[in-house]
A.B. asks: 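One structure follows; several queries about it will come next.
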Amino acid sequence: MSISVNQQAKVFHLQTAHSSYIFHVMANGDLGQLYFGRKIHVKDHYDNLAKRERREAMVAWGKDFDDFQPDNLKTEYAAFGRGDFRDPAYQIAAENGSRISELAYAGYHIEDGKARLSELPSAFSQPSEGVQTLTIDLADPLTGLQASLHYSVFEQEDVIVRSTTFSNLSDNKIILRRAMSAQLDLPDSRFQMISFAGSWARERQEVKNALKPGIQSVGSLRTASSHQENPFIMLARPETSEDTGDVFAFNLIYSGNFLDQVEVNHYDLTRVLIGIHPEEFAWTLDPNESFQTPEAVLSFSKQGFNQLSQQLTNFYANHLVNPRFAKQPRPILVNNWEATYFDFNEDKLLAIAKKAAELGIELFVLDDGWFGHRDDDHTSLGDWFVDKKKLPQGLPHLADAVHGLGLKFGLWFEPEMISMASELYKKHPDWLIVSPKRQPIAGRNQYVLDFTRNEIVDTVFQMMAQRIEESHLDYVKWDMNRYITDMFGSQLPADRQLEMAHRYILGVYHLYQRLIDRFPDVLFESCASGGGRFDLGMMYYAPQAWTSDNTDALSRIQIQYGTSYGYAPSMMGAHVSDVPNYQTGRITPLSTRGRVAYFGDLGYELDITKLSEKEQQEIKKQVAFYKRHRQLFQFGTFYRLQSPFAGDKNVASWEVVNADRTLAIAARYQFLNRPNPAYLRLYFMGLSPDRLYRINGSEETFFGDELEDAGYAVDQILDINQPMTASADFSAHLFIAQAVE
Ligand code: GLA
């Protein structure tokens with residue numbers, strides 16, 4: 001049993017394989033948080049953990065409540081305005097304008113399993129997986145507000161998923177001004193907050209800071225999870241490393257505006273809040289209406305960051321990603337974008353597809369520019385019918401030809417967008433999001449459709465469905481290339497305008513769900529100018545995402561390394577592109593580009609018809625090698641070994657290990673070459689200590705513990721007798737540890 005309840009003392013103890021999460025009902029009926037961390041024994045009560053001496057100069061509830069002082073306490077879901085002066089988990093405005101509420105325990109129930117949410121992406125379980133869900137009902141009789149806190153315990157994966165449902169049981173309307181998905185109060189503040197910040201072309205770079213008194217946060221008001229900050233954060237003890245020490249993870253299954261806030265108060269209590277950003281949010285609950293928050297993912301590891309990432313990866317594969325694809329090998333693709341941009345015709349595309357088939361590539365993706373009259377990025381978004389000038393014989397003709405080569409066929413869409421130069425805009429100039437009487441602001445020369453309106457989502461659905469059907473698409477790349485400005489809902493009354501951002505994302509999810517229901521075998525890849533919407537909400541529908549528009553091998557090492565803390569390798573689209581690289585101008589060896597892209601869903605994004613014979617042969621070998629080890633690269637256990645964000649930032653290494661630990665592939669990347677360097681060793685992780693392995697087919701064999709603890713000597717490639725004729729910068733080496741039979 002993963003949930004133990006002491007009905008008398010009203011203590012709830014959730015246990016995963018390696019963690020405990022405990023809370024209880026306090027004297028005033030509110031929920032008190034007692035403990036989250038390493039697994040501890042189940043007991044009747046934990047009075048000692050709840051103990052609080054009275055402190056002077058603090059608001060107190062008086063003798064009836066044992067001089068209850070909310071500002072000293074750790075709670076589960078804090079209210080505003082009743083003595084806890086930290087930021088609350090929720091806040092309402094009642095019809096009379098009062099913002100005060102007080103939720104008290106009203107009961108609980110436990111269900112087997114975890115049901116999917118109806119309008120939001122969510123965790124789920126299959127029967128007999130041992131998942132349990134605890135719901136605690138809280139009520140405020142004065143306002144008629146009810147809140148149900150849901151806790152789903154994924155015992156095997158060491159994950160707890162939380163969310164809240166608000167209901168209005170009164171005869172008046174209640175406005176939710178803030179409705180966070182989860183709150184976690186921790187007893188001290190000796191933590192580093194680790195988040196992943198960046199921008200276009202340099203997403204998810206690790207940022208680490210010690211907590212300080214007051215508020216620190218990451219968030220987004222771009223109506224997307226954003227390139228700039230990501231909803232995934234960690235709190236780790238300062239001594240925590242990749243393989244030792246305590247660390248907590250927080251993420252949100254959501255793609256819109258979010259806030260992850262960490263507040264340290266005057267008693268050194270740490271409060272984590274995670275949910276929809278309260279700044280651009282409010283929700284009116286009419287009598288009998290409910291509001292469901294997105295789900296928050298919480299996880300704890302006492303064995304450092306690698307263990308934490310692996311827990312999350314298992315959780316995603318078993319309980320978040322579309323089961324049709326979650327464990328399916330992902331196809332090796334070629335994408336024409338960086339090969340042709342907008343300038344292509346059928347011959348050009350088929351030449352690429354033909355070459356791709358020769359090289360062993362499996363999926364041809366036609367990117368931007370196939371529709372309307374789109375010769376540059378000023379036109380045609382919304383006109384999802386083929387440009388006969390470029391493809392006079394139509395899309396199905398091209399699709400047939402590609403399928404005839406034995407390749408799968410995929411297509412790019414940007415469903416949420418509209419160009420002013422488009423048929424769609426001529427017909428429906430009022431379909432874009434714009435603030436009344438203002439000139440709408442363009443982003444990449446385009447505007448955003450009001451996805452809160454059913455008729456708009458439906459029109460886009462019809463167009464996409466036709467294209468998918470007539471060309472038997474196997475894959476769709478769903479792009480989103482601008483953030484939303486001028487937020488206003490033309491169909492919403494004034495007092496519901498703050499619902500717009502959330503309703504927009506619900507519209508996006510609705511379209512995804514309709515397409516998946518209708519075309520269950522189509523693989524979706526999400527994209528937002530690269531990695532601008534790399535979040536768990538998207539991953540629920542689209543099992544993989546374009547990690548970044550920056551395909552420079554060196555930049556990619558950092559981007560993929562940062563991303564790997566909170567997301568699985570199979571979620572990361574990783575392509576080999578041309579040199580000099582379009583984003584950095586850097587020239588890296590083809591071997592290095594391949595050895596970086598292997599550690600994700602491999603693809604090629606360059607004109608493969610223009611490569612030399614030697615390069616083509618190299619790609620053929622890469623493709624064959626990747627196919628041989630695809631299962632390992634996409635679904636093996638991933639270990640970060642050496643961080644490009646630490647030390648002199650000149651080296652990075654990582655590794656994947658198969659389930660029975662008989663095969664591991666580690667990669668070591670060296671950014672700039674060092675003449676006459678120090679002697680180096682690579683320390684493997686995750687091997688079987690007692691087994692013998694050969695490295696890259698070596699004669700000598702090595703015990704697993706030897707490779708992990710004593711390390712493997714890394715050759716420095718320099719041959720003193722050979723003059724250096726080419727740069728040895730940007731080198732990448734693979735170390736394949738194969739267990740001896
Ligand atoms: C975005 C994507 C790219 C490509 C272009 C096409 O930038 O991230 O991969 O699809 O749009 O316009």
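Each ligand, and each atom within it, is numbered from 1 in the order the structure gives. For clarity, every value in this text was computed on a predicted model and none was experimentally measured.
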A.B. asks: For the pair Ser122 (side chain) and Leu117 (backbone), establish whether a donor and an acceptor sit closer than 3.5 Å, ignoring hydrogens and angles.
C.D. replies: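 Confirmed, Ser122 side chain pairs with Leu117 backbone.
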A.B. asks: Run the salt-bridge test on Arg640 and Glu206 with the 4.0 Å N-O cut-off and return the result as yes or no.
C.D. replies: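 The answer is no: the pair does not qualify as a salt bridge.
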A.B. asks: For the rings on Tyr341 and Tyr582, is their centre-to-centre separation under 6.0 Å?
C.D. replies: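 Between Tyr341 and Tyr582, the centre distance is under 6.0 Å.
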A.B. asks: Start with the C-alpha distance between Phe599 and Met572, add both sets of side-chain angles, then the distance that settles side-chain contact (heavy atoms from CB on, under 4.5 Å), and finish with yes or no.
C.D. replies: CA-CA 8 Å; Phe599 291 81; Met572 296 185 219; over 6 Å; no
A.B. asks: Using the ring centroid of each side chain, check whether Tyr598 and Phe633 are separated by less than 6.0 Å.
C.D. replies: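 Distance test on ring centres: under 6.0 Å, yes.
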A.B. asks: Just to verify, which of Trp478, Trp384, Tyr512, Phe371 counts as forming a ring-ring contact (aromatic ring centres under 6.0 Å, His included) with Phe413?
C.D. replies: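 Running ring-ring contact (aromatic ring centres under 6.0 Å, His included) over Trp478, Trp384, Tyr512, Phe371 with Phe413 returns exactly one hit, Trp384.
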A.B. asks: If the criterion is any heavy atom closer than 4.0 Å to an atom of ligand 1, which residues make the list?
C.D. replies: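 Only Trp337, Asp367, Asp368, Trp412, Arg444, Lys477, Asp479, Asn481, Cys527, Ser529, Gly530, Trp546, Asp549 have heavy atoms that fall under 4.0 Å of ligand 1, ordered by chain and number.
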